[in-house]
S.K.: 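Below you'll find the structure I mean.
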Amino acid sequence: MDESAAPETATQTAAQTAPTTGAPAQRRRRAGGRAGHQTRAGHAAVEQMPWRIPQNPDRPTEPLDADGVQAIHKGAMRILSEIGIEFLNPEAVEILRRAGCRVEGTNVRMDEDFVMEMLGHAPDSFTITPRNPARQITVGGKSMVFVNVSSPPNAWDMARGKRPGDFATFQEFMQLTQYFNCIHVAGGYPVEPIDIHPSVRHLDCLREKLVATDKVVHAYSLGAERVEDVMEMTRLAGGLSHDDFEATPRMYTNINSVSPLKHDFPMLDGAMRLARRNQPVLVTPFTLAGAMAPVTMAGAVALSLAEGLSAIALLQYIRPGCPVGIGTFTSNVDMKSGAPAFGTPEYMRATQMTGQLARFYKLPLRSSGVCAANVPDGQAMWETSNSLWAAVTSGTNFVYHAAGWLEGGLIASPEKFVMDCEILQMIQRYFEEAITDTSEDALAFDAIREVGSQGHYFGCQHTQDRYQTAFYQPFASDWRNYEAWVADGAVWTPERAHRIYRAILAEFTPPPMDDAARGALDAFVAKRKEEGGAPTDF
């Protein structure tokens, strides 16, 4: 599921080329009251929060007690030792045979001691530095980064409805990905551009991604040529030597197991290639309880962990200390239809349970902002909100599909992208220390005494000094009363989001790129196209 321009404004220029961190910049940028309305009435499509890597200050929710954590851990280890995992890649099988694992054909069994020894090499946190070092992200610890929607074959918007993905729509989503500061990673293809032949699709898509964004990029592990090409394109776009590229993570891949209990050839091949060059691999089993995993959440999580840990053990044996993360995509199916369901209570608890086990193994955690809705309606937003808050409460570090996902991953929607970014900004604001500040100034005793029991706080100096930055100010929500809303055209949320999306495209300008790096990138793409790109059977 995962792997398968107009003149710019000064505000947007700052957002694209000069990322900043910390509360002071946010206080300068976010505004409320009359000043806020005047600012938002300017040329910028969105008056948004500045770029920063959010830090989650909360203790994770832990539905399992210590015995429960051990029970799931032992369950996963028993699966690995007694049942085994099918590794459909001869090179991976031979490596694990040399490591002392028990091999019968493609079935590999590994004992707990071996798995835990390998996990002991994995870092609990790492950075990824794209071509713009100011866009560096941290994966692990309390950091939480958000990734655009990745891999849908179709797109939907209010003007054109549902349609197969194409390159023009892909370009639109890359512009949205770059524009929003709350999106930190340009992950997989936001929509699959089927109008470009698969042999060269990765060349056009990654070239566009590396030029239209300056954020962290991703390689699909779908064949040696694609993986090697993307690593080389990332190196060239950054103006890096081979040694500089391998000295620190510069991009990443995400691989999915083939549940139940299998890893396929190309995913393992790509993962091993990145690990050998010190580039991160996120291993994310896609386990739907009731279909590809047991119907019980404990069984589904144990199965998911067994699949993920087996691949991580392989990568750590190949290159001890290479950056890795464990992913969770454990949800349930609709037992009436067999369709995938997301943002369910079961999904939320499975994510939190996996978070507990990720901390037990000292691995960064990846989860997703997903839903099963077909259009950006109420169902879409409550299911996505459930998914995103499951990510928050589980201690997730890397949130895939954080903006734009519909129909269980079959549709990418720009309106949904905009609406989701509103939620992501709210999450970032929720993390800010200012909300829970208990200093003398924040306790506001003098203001309480000034207003007393007969007045109000609108006019007191304490409020006047803070009204522009006191509360979160939305860019897509409409907080006016019903009569004011009707008088202004009664515009529903998806319609507002559509207008915002179109305004963003109208003002978008790509971020700066070194001319020499861009020339080298273009020359490489042209050369690889002349060579035929990646082999296909059609």
S.K.: Under 4.5 Å between any side-chain heavy atoms of Leu206 and Lys209, yes or no?
M.R.: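 A side-chain contact under 4.5 Å exists here.
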S.K.: Run the side-chain donor-acceptor check on residues 274-283: report pairs under 3.5 Å with partners two or more places apart or on a different chain.
M.R.:
unit_1, atom_1, unit_2, atom_2, d
Arg276, NH1, Glu91, OE2, 3.4
Arg276, NH2, Glu91, OE2, 2.8
Arg277, NE, Glu246, OE2, 3.0
Asn278, ND2, Glu246, O, 3.2
Gln279, OE1, Arg250, N, 2.6
Gln279, OE1, Met251, N, 3.2
Gln279, NE2, Phe245, O, 3.0
Gln279, NE2, Arg277, O, 3.0

S.K.: Mind checking the CG-CG spacing from Leu268 to Leu88? Nearest 0.5 Å is all I need.
M.R.: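 Leu268 CG to Leu88 CG: 8.0 Å, rounded to 0.5 Å.
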S.K.: Could Arg366 and Tyr400 be counted as a cation-pi pair, given that NZ or CZ must be under 6.0 Å from the ring centre and within 45° of the axis?
M.R.: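 Yes - Arg366 lies over the ring of Tyr400, closer than 6.0 Å to its centre and within 45° of its axis.
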S.K.: Does Glu225 use its side chain to pair, donor to acceptor, with the backbone of Ser199 at less than 3.5 Å?
M.R.: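 Absent.
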S.K.: In this structure, is the centre-to-centre distance between the rings of Phe126 and Tyr252 below 6.0 Å?
M.R.: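 So the answer is no for these two rings.
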S.K.: Parallel under 30°, tilted from 30 to 60°, perpendicular over 60°: which one fits the rings of Tyr220 and Tyr189?
M.R.: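 Perpendicular, since the angle between the ring planes exceeds 60°.
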S.K.: Is it the case that the side chain of Tyr347 and the backbone of Ala390 share a donor-acceptor pair, with hydrogens and angles ignored and the cut-off at 3.5 Å?
M.R.: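 Looks like no, no N/O pair under 3.5 Å.
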S.K.: Run the ring-centre check on Phe475 versus Phe180 and record whether the distance is less than 6.0 Å.
M.R.: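 Distance test on ring centres: under 6.0 Å, yes.
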S.K.: As an exercise, state the distance from NZ of Lys142 to CD of Gln55, rounded to the nearest 0.5 Å.
M.R.: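 Lys142 NZ to Gln55 CD: 8.5 Å, rounded to 0.5 Å.
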S.K.: Keeping the roles fixed (side chain from His184, backbone from Lys215), state whether a donor-acceptor pair exists under 3.5 Å.
M.R.: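 It does not hold such a pair.
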S.K.: Look at Lys527 together with Glu530 and state whether they make a salt bridge at an N to O cut-off of under 4.0 Å.
M.R.: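 A salt bridge is absent here (no side-chain N lies under 4.0 Å from a carboxylate O).
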S.K.: Under 3.5 Å, is there a donor-acceptor pair between the Tyr472 and Glu422 side chains?
M.R.: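 Short answer, yes.
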S.K.: Looking at Ala341, is its backbone amide N or carbonyl O close enough to the side chain of Asp334 to form a donor-acceptor pair, meaning the two atoms are under 3.5 Å apart?
M.R.: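 No.
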S.K.: Can you confirm whether Trp485 is buried at CH2, in the sense that more than 12 heavy atoms of other residues, nucleotides or ligands lie under 6.0 Å from that atom?
M.R.: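 Result for CH2/Trp485: enclosed.
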S.K.: Salt bridge check, Glu172 against Arg502: does any charged N sit closer than 4.0 Å to a carboxylate O?
M.R.: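 Salt bridge: yes.
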S.K.: Could Glu495 and Arg499 be called an ion pair, given the rule that one side-chain N must be under 4.0 Å from one carboxylate O?
M.R.: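 No.
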S.K.: Aromatic ring centroids of His197 and Phe538 under 6.0 Å?
M.R.: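 Yes, the ring centres sit under 6.0 Å apart.
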S.K.: Do the side chain of Glu407 and the main chain of Ala373 share a donor and acceptor less than 3.5 angstrom apart?
M.R.: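 Absent.
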S.K.: State, without any angle test, whether Tyr179 and Gln48 hold a side-chain donor-acceptor pair at a distance under 3.5 Å.
M.R.: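 Short answer, no.
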S.K.: I'd like to know if the side chain of Asn397 and the backbone of Gly141 have a donor-acceptor N/O pair within less than 3.5 Å.
M.R.: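 Confirmed, Asn397 side chain pairs with Gly141 backbone.
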S.K.: When you check the side-chain N and O atoms of Ser143 and Thr138, is any donor under 3.5 Å from an acceptor?
M.R.: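 No, no side-chain donor-acceptor pair sits under 3.5 Å.
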S.K.: Could you list the residues that satisfy salt bridge (charged side-chain N to carboxylate O under 4.0 Å, His left out) with Asp522, not counting sequence neighbours?
M.R.: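 Residues passing salt bridge (charged side-chain N to carboxylate O under 4.0 Å, His left out) with Asp522: Arg207.
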S.K.: Regarding Arg163 and Asp157, does a basic nitrogen lie under 4.0 Å from an acidic carboxylate oxygen?
M.R.: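 Yes, charged N to carboxylate O under 4.0 Å.
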S.K.: Before giving the answer on side chain to side chain contact (heavy atoms under 4.5 Å, CB included), spell out for Trp405 and Asp420 the whole-Å C-alpha distance, their side-chain angles and the decisive distance to 0.1 Å.
M.R.: CA-CA 9 Å; Trp405 165 293; Asp420 289 339; 5.6 Å; no
S.K.: Arg201: what forms a salt bridge (charged side-chain N to carboxylate O under 4.0 Å, His left out) with it, not counting sequence neighbours?
M.R.: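 By the salt bridge (charged side-chain N to carboxylate O under 4.0 Å, His left out) rule, Arg201 matches Glu192.
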S.K.: Distance alone, cut at 3.5 Å: any donor-acceptor contact between the side chains of Thr328 and Thr351?
M.R.: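 The answer is no; no qualifying pair exists.
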S.K.: Between Ser413 and Lys416, is there a donor-acceptor pair closer than 3.5 Å when you use the side chain of the first and the backbone of the second?
M.R.: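 Checking the backbone N and O of Lys416 against the side chain of Ser413, a donor-acceptor pair under 3.5 Å is found.
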S.K.: Indicate, with yes or no, if the rings of Trp389 and Tyr430 have centres closer together than 6.0 Å.
M.R.: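 Yes, the ring of Trp389 comes within the 6.0 Å limit of the ring of Tyr430, centre to centre.
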